[in-house]
Amino acid sequence: MRLGELPTSNRVEDRRGLPGGPAGIGIGTVVVLTLIGWAFGVDPRLLIGGAEQFSGGSQTQQQQGPIGTPSDETGRFVSAVLGSTEEVWTDVFAHAGKTYKPPTLIMFSGATQSGCGFAQAAMGPFYCPIDQKVYLDTSFFRDLEQRFGACDVGSKTCQFSQAYVIAHEIGHHVQNVLGLLPQVQQAQRAMAQAESNSLQVRVELQADCLAGVWANRAQAKWQFIEPGDVESALQTASAIGDDRLQRKAQGYVVPDSFTHGSSAQRTQWFTTGLKSGEVASCDTFGTQ
Ligand SMILES: [Zn+2]
């Protein structure tokens, strides 16, 4: 992909290099509470919020990083992708008579605090609906290249795969501000786990489709996609799924991805959004 024309965002908070140790509650607590939440159909966020109160909140204050446009190569890349999502979704919302409030994206290294609890690199990138921020440890990008083999190391097509990952998380923000995430969470409270998981798959596939909508509209505006890019992103979608399943088997829990759907489903929905460029095509809830 070509970065050249993409607008930059000044909504990147750079926490790389800042200490981000566990505060009031650690990831272990979050994981346990999340599992309890799923088992009993309670929104895990409520439990996590309760635990934070119980443990007196954060004991170590998370240092805030500078907010703006980072000047290093990775930071500029992230800022350009984020900037393109801001313009695309501002347009889409405006056409629907709505106002898009873009999220802040937090770049961190190793570990940091999020509104949804302690975040660490092993979790992969995620969106926290409570503080409405995207969390990205950029070592995940290196993983994409080196460990997942999702694209050729250092290649331009690899960049598009990384952009797709950011666009997927922004897709969750869009779902959140449109009220879909809260609705799903409410519905899940009354569901058995299998049913709840199947609903979660539809949330994830819709975020893939919304990433496709972004790619379509960003391409129309800036012609930034190059040959091989889309194939690379599709490969990434399935590679991430596989790897995340592996991580689960190894005992890591990835809050963003209790389940993401099959590779074929992910490919199908990203392609649907990419071809149509329309949010209406992303009705992952109305199909089997
Ligand atoms: Zn997701």
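FYI, side chains are in, hydrogens and waters are out, and symmetry mates aren't considered; it's all heavy atoms of this structure. Treat the numbers as computed from the prediction; the structure is a model and nothing was measured. Read the numbers this way: they start at 1 and go in the same order the structure lists the ligands and their atoms.
- Counting only N and O atoms by type, the side chains of Glu204 and Gln265 include no donor and acceptor under 3.5 Å apart.
- In this structure, His168 has its ring center at least 6.0 angstrom away from the ring center of Phe126.
- Screening Trp89, Tyr127, Trp214 for a ring pair (Phe, Tyr, Trp, His ring centres under 6.0 Å) with His173, the sole residue that qualifies is Tyr127.
- The Zn ion (ligand 1) lies at the vertex of an angle of 100° between the NE2 atom of His168 and the NE2 atom of His172 (rounded to 10°).
- The N, O or S atom of Glu204 with the smallest distance to the Zn ion (ligand 1) is OE1.
- Among the atoms of Glu169, no N, O or S atom is found under 2.8 Å from the Zn ion (ligand 1).
- Other residues, nucleotides and ligands contribute more than 12 heavy atoms inside 6.0 Å of the CD atom of Gln223.
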